[in-house]
K.L.:
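Below you'll find the structure I mean.
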Amino acid sequence: MSKQQKLERKILWLSLSTGLFFVLFEFIIAIYTKSQSVLMDAAYDASELLMIGLTLFLIPLFHRPISEKHPFGYAQIESFLVIIKGFMLLAVTLGLSANSVEIALSGGNIIDGKLVSIFQFIIALASLVVLYFMMRINKSLSSPIINMEIYGWKIDVVYSIGMGIAFFASTFLEGTKLAFISPYFDQIIAVLIILFMLPEALKMLIRAIKDVFLFSPEKEVMEKVKGICEDVLRDTDLQAVFYDVTRTGRRMWVSIYFNSSKDYLHVEALENITNQINIELAEHIENCVCELVLAKRDSKYL
């Protein structure tokens with residue numbers, strides 16, 4: 001097992017073990033307080049645990065080399081996992097949001113705002129500690145699954161702090177003109193959580209779908225790749241006319257179609273240029289491989 005696999009497994013086991021404890025704690029508090037927002041958080045985290053367990057089982061596949069039978073290796077499995085996880089999260093959040101709206105329409109419910117507030121601050125502090133150790137271990141990694149896992153913990157920290165502040169503030173509504181909001185406060189927070197989480201979840205889902213169909217990556221990534229390659233090609237006789245960039249999972253392939261002002265090319269010179277481009281790309285983008293392809297004079301790319 002490689003060092004990267006060990007680090008990935010270490011992060012996922014940390015996330016799984018601590019996440020399991022949090023989920024049990026959240027379900028107990030949700031049942032005791034009858035809070036929809038806490039229940040939504042517990043269901044969200046529970047769905048995460050299922051995906052972490054599956055990911056731990058499949059990690060060795062992500063690191064297998066490419067072959068004639070599997071030209072992209074098993075990198076696409078990682079993209080499929082992200083898609084499954086994205087749809088699971090969407091299903092959980094939309095289902096619980098519908099329940100929250102139903103409760104609000106039936107008159108809402110009064111919960112112990114102080115208890116929920118204290119609970120959320122405890123969860124935020126514990127999540128921050130876990131996030132610190134995960135980010136510390138992740139310094140030398142470039143893994144879509146791990147990056148998504150860390151993003152989830154960042155969301156948990158921000159979400160818990162926001163929930164804690166919101167429910168603490170709600171305790172001051174009694175005896176004011178805004179007291180009528182109290183029965184609906186929990187449902188309002190639950191809906192706001194959805195509005196906060198959905199955009200980034202959809203963004204990750206769309207990226208994974210694009211990776212499965214081998215579409216080119218985002219504009220920012222394309223510009224970064226082109227900038228690195230152009231810096232190397234600038235001092236050569238080669239002119240890039242088209243970039244074919246494919247990404248799936250954690251792997252990226254770059255094909256640069258080029259032409260030259262000369263009528264002949266040295267194979268050794270092309271190898272040196274290709275090696276230099278790959279060295280530069282490796283410093284900024286992990287698991288990225290580049291090749292140079294001579295474009296024909298009548299090529300559609302010219």
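Residues take their numbers from the sequence shown, with the count starting at 1.
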K.L.:
Between atom CD of Q120 and atom CG of L115, what is the distance when rounded to the nearest 0.5 Å?
P.N.:
10.0 Å
K.L.:
Which residues satisfy the side chain to side chain donor-acceptor pair (under 3.5 Å) test with S127, sequence neighbours excluded?
P.N.:
none
K.L.:
Side-chain contact, heavy-atom cut-off 4.5 Å: I279 with E283?
P.N.:
yes
K.L.:
Check the hydrophobic clustering (I, L, V, M, F, W, Y; side-chain heavy atoms under 4.5 Å; chains of links allowed) and say if F21 and I118 are grouped together.
P.N.:
no
K.L.:
Check the surroundings of atom CE in M222: do more than 12 heavy atoms from other residues, nucleotides or ligands lie under 6.0 Å from it?
P.N.:
yes
K.L.:
As a quick check of understanding, evaluate side chain to side chain contact (heavy atoms under 4.5 Å, CB included) for V267 and E271, giving each step before the final call.
P.N.:
CA-CA 6 Å; V267 173; E271 289 181 349; 3.9 Å; yes
K.L.:
Same hydrophobic cluster for L125 and I122, using side-chain heavy-atom links shorter than 4.5 Å among ILVMFWY?
P.N.:
no
K.L.:
Can you tell me how far CG of L20 sits from CD1 of I52, rounded to the nearest 0.5 angstrom?
P.N.:
10.0 Å
K.L.:
Mind checking whether K224 and I285 have side chains closer than 4.5 Å, heavy atoms only?
P.N.:
yes
K.L.:
Might you point out which heavy atoms bring N278 and C290 nearest each other, and give the distance in Å?
P.N.:
OD1-N, 2.7 Å
K.L.:
Closest approach of G164 and F121, non-hydrogen atoms and distance?
P.N.:
C-CZ, 3.5 Å
K.L.:
May I ask whether M135 and V130 are part of the same hydrophobic cluster, defined by side-chain heavy atoms of I, L, V, M, F, W, Y residues being less than 4.5 angstrom apart, directly or through others?
P.N.:
yes
K.L.:
Taking all non-hydrogen atoms of both residues, which atom of L270 and which atom of L238 are closest, and how far apart?
P.N.:
CD2-CD1, 3.8 Å
K.L.:
Return the CG to CZ distance between L128 and F133, rounded to the nearest 0.5 Å.
P.N.:
11.0 Å
K.L.:
How far apart are the C-alpha atoms of L294 and F258, what are their side-chain angles, what is the distance that settles it, and do they pass the side chain to side chain contact (heavy atoms under 4.5 Å, CB included) test?
P.N.:
CA-CA 5 Å; L294 179 62; F258 72 93; 3.8 Å; yes
K.L.:
Hey, does the side chain of S15 reach the backbone of I11 with a donor-acceptor pair shorter than 3.5 angstrom?
P.N.:
no
K.L.:
Is there a chain of hydrophobic side chains (I, L, V, M, F, W, Y, each step under 4.5 Å between heavy atoms) that links F25 to V129?
P.N.:
yes
K.L.:
Within the side chain of E230, is there an N or O that forms a donor-acceptor pair under 3.5 Å with the backbone of I228?
P.N.:
no
K.L.:
Testing the basics here: between C229 and I256, what is the closest heavy-atom pair and its distance to 0.1 Å?
P.N.:
SG-CD1, 3.6 Å
K.L.:
Output, in order, the C-alpha distance, side-chain angles, deciding distance and verdict of side chain to side chain contact (heavy atoms under 4.5 Å, CB included) for M134 and K154.
P.N.:
CA-CA 11 Å; M134 289 178 69; K154 288 180 179 178; over 6 Å; no
K.L.:
For residues V23 and L49, report the shortest heavy-atom separation together with the two atoms involved.
P.N.:
CG2-CD1, 3.7 Å
K.L.:
Which heavy atom in I123 sits nearest to a heavy atom in S160, and how many Å separate them?
P.N.:
CG2-OG, 3.4 Å
K.L.:
Could you check if a side-chain atom of I277 sits within less than 4.5 angstrom of a side-chain atom of L233, using non-hydrogen atoms only?
P.N.:
yes
K.L.:
Is there a path from I150 to W13 through hydrophobic residues (I, L, V, M, F, W, Y) whose side chains come within less than 4.5 Å of each other?
P.N.:
yes
K.L.:
For the residue pair E291 and W253, establish whether any side-chain heavy-atom pair is separated by less than 4.5 Å.
P.N.:
no
K.L.:
Would a 4.5 Å heavy-atom cut-off, applied to side chains only, mark L281 and M252 as touching?
P.N.:
no
K.L.:
Taking the six-membered ring for Trp and the single ring otherwise, decide whether the centroids of W153 and F22 are under 6.0 Å apart.
P.N.:
yes
